Structure formats: C-alpha cells, structure tokens
Amino acid sequence: MNLAAMDQHESAVDEAVAECPQRMKGQQFLAELVRRSGVKAVFFVPTFLYPTLVELAKDPVKRVLCHSEKAAAYMADGYAQASGRPTMVIVQGGPGATNLYAGLVDAWQSHTPLLAVTPVLPGSRYQGNSYQEAYVDFRPVTKYDAEVRSIDRMAEFFGKAYREMTTGAPRPVHLYLDGALEDAEAEFDFRYLDQRYFSYPAFRPRADDELVGQALLEIRRAARPVMVCGRGTVVSGAWEEVTALAEQLGLPVTTTLNGKGSIDERHPLALGVTGTYRRPPTDAVIAEADLVLYVGGHQGGATTNMRRLPKPGVRVIHIDINPAQPGANYPNVLPLIGDARTVLRQLLDAAGVTKRSGPGEWVRQAQQDLQAWRAGEHAHMHGNRIPIRPEQLAAELVNACPRNTLFVADTGYVGTWAGVFMDLPAGRNFLHCEGSLGWAFPAAMGAKAAAPERTVVAFTGDGGFFYHLAEIETAVRNEINLITVVLNNQAMAFQTHLLRSVWPGSPNLDKLSEFGDTNFAAMAREMGAWGVRVTDPREIGKAIREAIDANRPAVIDVVIDQAAVAPVAVMAGQGSRAGTPPASFDRKTDR
C-alpha cells in the first residue's frame, strides 16, 4: 500500500472510530445504510419498506420496481457480480418470500453476495390466520439468516449480514425484519457498518508459505500440468496473475464457463472453456494431465464433466478461499487456502524470474489441437448460413461490440455457444448462471444498473427469455439500457435434440419441447423498447450498432438454426455437430 493510500485508510479508520451514535427512525437508518453501501440501485416488489424507499427519493439510487420477486433477486445477483458490491432485494412476505427463495438459489450456488429483506409478522399476528401468513426457511440458500425484532439491535444485525456475505466464501444473506421498526426511533451506532464489508472479497488471506513452495515444486516437476480457472479467479480480479504464472511456468490454461475472463482467450496458452459445456479439445488436455491446478472454483459436475475429467486420483493443487472446498470432491489434493489473486502472487514470488524456455511438447500438442478445432468450426462461424448458425452469431457479436462489453449468458445451449465461441479479453466481462434458465435477462439488467457506462448484452434463448418478458417494461421505465440478444429457434433445443436422439420414432415429440413462432422484437417495441428481427447473419453487426445507438433497452431477435447442436459433452457427435470434430480429438473423449 502506498503512502497516500495508507493515509486515506487511516483517515477512514479514524472517522469510523470517532463516529458517535445518531438518533433517527428505522427508515432513516436503512436509507443511510443504502447510501453508505455505495450501490446505485436496489430492487423490490411492493409493498414492504416503502418508508425507506421514500427516504431515498432524492438520492442517486435507482429504486427498481420489478414484476416478480425471482427476477428482482436475479437483478441483485447480476448487480453484485458486475460491480463487486452486494445490493439489496426487498419483497413482501408469504407468497412474495416463497418466490424470492427460488431467485436466491443461483446466487447461493455461484457464491454471490446480496442482502434479501422480507417482513416478519409481529407477535400479535403470529399463527392467527393472518393475511399471507406463510413462513419460508431461507437457511438452505443463505449464509446467514436472522430475525430483526428490536430497534436497539438493528444496526448490529445489518452489520452482521454484510460481514457474513462478503467474508470467506461470499454468499447471499437474508433478514426477516419487523416492519414496525421503520417508524420506531433509537440511537444507531454506525460503527457496526464497517465500510470494508460493502464490497467483496472483504479480505485477501495468504496461503501457507510452505504449501506454496511445495505446490511450485510439484508444478515444475509435472510433465503435463494444466491450470483450470473458476469464477473465484474473476471475483478476485486475478487475471493478470493467471497470465503471468502461465507464462512463467509454461502452463496451458482452461477455464470453467464462470471463469471466462481469467485470461485473454486469444493468448497462446489459453485453450478455452472446459467441463460439460466445453470447447472439445480441452477434453484431451484434462484427460492426459498429470497435475491440475484449480484456481477459485469447485470441482463440481459441470467443471469435471461428472467427475470424468480429470479422473479421481490425478494430482490436484487447489487454490480456494473456502477451506472446506479443496478435497471435497477429489482425493490427492494439495490445498492452498486463500484469496486467488493473493495466492497466485505468492506462487509468482516463489517462482522468481526464471521462465520455462518456450512451450514444451505438451503445450504444443494442445495448441495444435485447438487450431485444428478452430479450422473444423470455420464453416459454422463464417459460413453466412440461413437459418443463422449460433456459432456465427456469437463470433459476430464479439466483433461488433466494444471491447469492454459485459456479456451475460443463460444456461444450456446458450451458455455453451457463448462460452465456446466468444473469444473475450481478460477481465470481468462474462457472467453465466449456475443453472437457472431465464436468469440472464434480469441479471443483465442488474449488471447494467451497476455499470451504466458499459455495453451490457444479455445472451439468451427463446425458452429463457419467456420466463421474465414482463421485465422489458421494467427496463424501459427505469432507463436500464441493456441489449438482449434472443436466440430464437422456437424450441428448448437441448431438450429437442435429446428427445429426438433417445425416442426417434415417438409421435408428437414437438409437443414436449417446441414453441410457436414468436417475434420478440415486435413485443419489445410494443413495450417501448427498441427491437429488430435478424434472419441474415450479415445483418448482425448492423443490428448491434443500431441497438447501441438507440440509447434505450433493445431486443435483437435472431432466428437461428434449430438443428444446431452445441458442443455439450453429452451431445458429442449428435445432430448437426456429428462428424465435425477433427480426428485428433477422437483420441480421447469427444466421440
């Protein structure tokens, strides 16, 4: 830390220590909490905490009224991921709380912090057949869950909530709040609201130096090491350290879908996304590796293709801020417990200045396989086919959008098209859900509210976009000017292809996974947004440029080929992707 930064830090500490308790109403305290947290938006569905929201009327904070609690949670999720600052989602109790629960599942699985607040019934109405009296246990999807029933402890509980959600492995938190406390008055001690807990990671712990030295020795001795970067790498802002360590040790680098941005995907050592939704040539790399360095991500089913890659028993070095994670799913693990960026810097310091002299045969083979795969996909990515191939759509979007565009992708095929065929620079430029179809559009709204200066593109299919269509009106009303690209193939295409593969002779299979033709651009225009339908791939770039210039929410409805099969591991060799992988990939798992 330089001297100016130290002085600024000490000044902030002195201010916090010197701050005296302030007497005010509960609604004033909550409004001040929002101000101090530094967020630009909060998301809500009426009618809870209206007095607090009114207190914020003159503040530069968007009070985003949403059409559903689940979408509101997704917006808060996207906001936190795009900004590194958790915000608040406020909903009514009973049915509202049950809807909110579903919206917190993805944030729980992705380790995204946000603060959910719902009302708790006062004792006089408890179990009295009160209106909307239903109780939701939020503990399975939150790191901290508590009831706030006393005005005297209100600051304490909100301080605990922020501390819990931003320290260690971040995750959502929930508070049940007695609404009567808004109008109550008390002395509030703002020292409970420590500024360091308003962003994450709040702390950056170091790993054990002895284990770091052992890890470096093992990496250098390995014949076929590979680095796999997860979401925690991006959350930690460790892309420069990943690149430096890869270059220093000659490590090929793959990422999970959520780890995109850990390295520039055009870097010679970058191989692309691995796992179930993957770039096929990474299969052979992970399968043949004799050591895997995992950085900031769990070894879950999607990352390891259901524990097939690597095989259990292969030596693993795992960097993670959560001590319980390394070794949870795989044996033979050396744990490096700490913040991803901090631990990578420790490895770099230990490595010194001596670099591995050029890429070894292991790296050259991986690079050759990647180039062969790119050549095999050339017709899909540049063939100007009609209906439009989603591979070309993904590539054209990257070419047409500004370099600092933030892409927000849904799950399933859409996530695979984006993850595999969008070559993106290093940085926080790609968000992907953990499995909640329909997440991308509202999450992208939250991301745009957090970063209004950036171009934000939601990348979703028609099946996903149908979930939260009503939020187009929310975006228009709140001037959240994101661009939504809808891959419209009139189907849940993943399911369509599985059905046709497993039950090819069954009648009326279309009834199980296909939709009627819907023009989403026309619907968007009816709701006040800008919209265009694209049927020719040569018009994609023009549509993107016009959407950016429109300066309002925009929907680009792209009619894509329903026969296009994404390179999902379970679909290898199916449909329109049959026979496309070069022969070199058949040596391992893509067959």
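All residue numbers in this chain count up from 1 along the given sequence. The model shown is predicted, which means the values in this text are computed figures rather than measured ones.
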Does the ring centre of [Y] sit less than 6.0 Å away from the ring centre of [X]?
X	Y	answer
W373	F421	yes
F520	F466	yes
H318	Y330	no

Quick one, [X] and [Y] - any side-chain contact, counting heavy atoms below 4.5 Å?
X	Y	result
P452	K40	yes
D410	W439	yes
C401	F407	yes
T304	L309	no
F465	V555	yes
E434	R231	yes
V234	S262	yes
T416	F494	no

E240 atom CD, neighbour heavy-atom count above 12 within 6.0 Å: no

Between [X] (side chain only) and [Y] (backbone N and O only), is there a donor and an acceptor less than 3.5 Å apart?
X	Y	value
S236	G232	no
D290	A222	no
K143	A169	yes
T112	W108	no
E241	T342	no
D106	S436	yes
R454	N404	yes
K260	G419	yes
Q367	P268	yes

Kindly compute the distance separating [atom1] ([X]) from [atom2] ([Y]), expressed to the nearest 0.5 Å.
X	Y	atom1	atom2	result
D561	N489	CG	CG	8.5 Å
W362	E288	CH2	CD	5.5 Å
T256	Q299	OG1	CD	12.0 Å

Candidate pair Y413 and H497, rule side chain to side chain donor-acceptor pair (under 3.5 Å), full reasoning: CA-CA 11 Å; Y413 269 10; H497 296 152; 2.8 Å; yes

Closest contact, heavy atoms only, [X] versus [Y]:
X	Y	value
C66	M75	SG-SD, 3.6 Å
N488	D462	OD1-OD2, 3.2 Å
G261	N429	CA-OD1, 4.2 Å
A409	A418	CB-CB, 4.1 Å
I337	N322	CD1-O, 4.2 Å
P312	P331	CB-CD, 4.1 Å

Test side-chain contact (heavy atoms from CB on, under 4.5 Å) applied to M523 and I472, step by step: CA-CA 9 Å; M523 294 179 67; I472 295 175; 5.5 Å; no

Sidechain N-carboxylate O distance under 4.0 Å for D423, R279: yes

Salt bridge E265-R374, side-chain N to carboxylate O under 4.0 Å: no

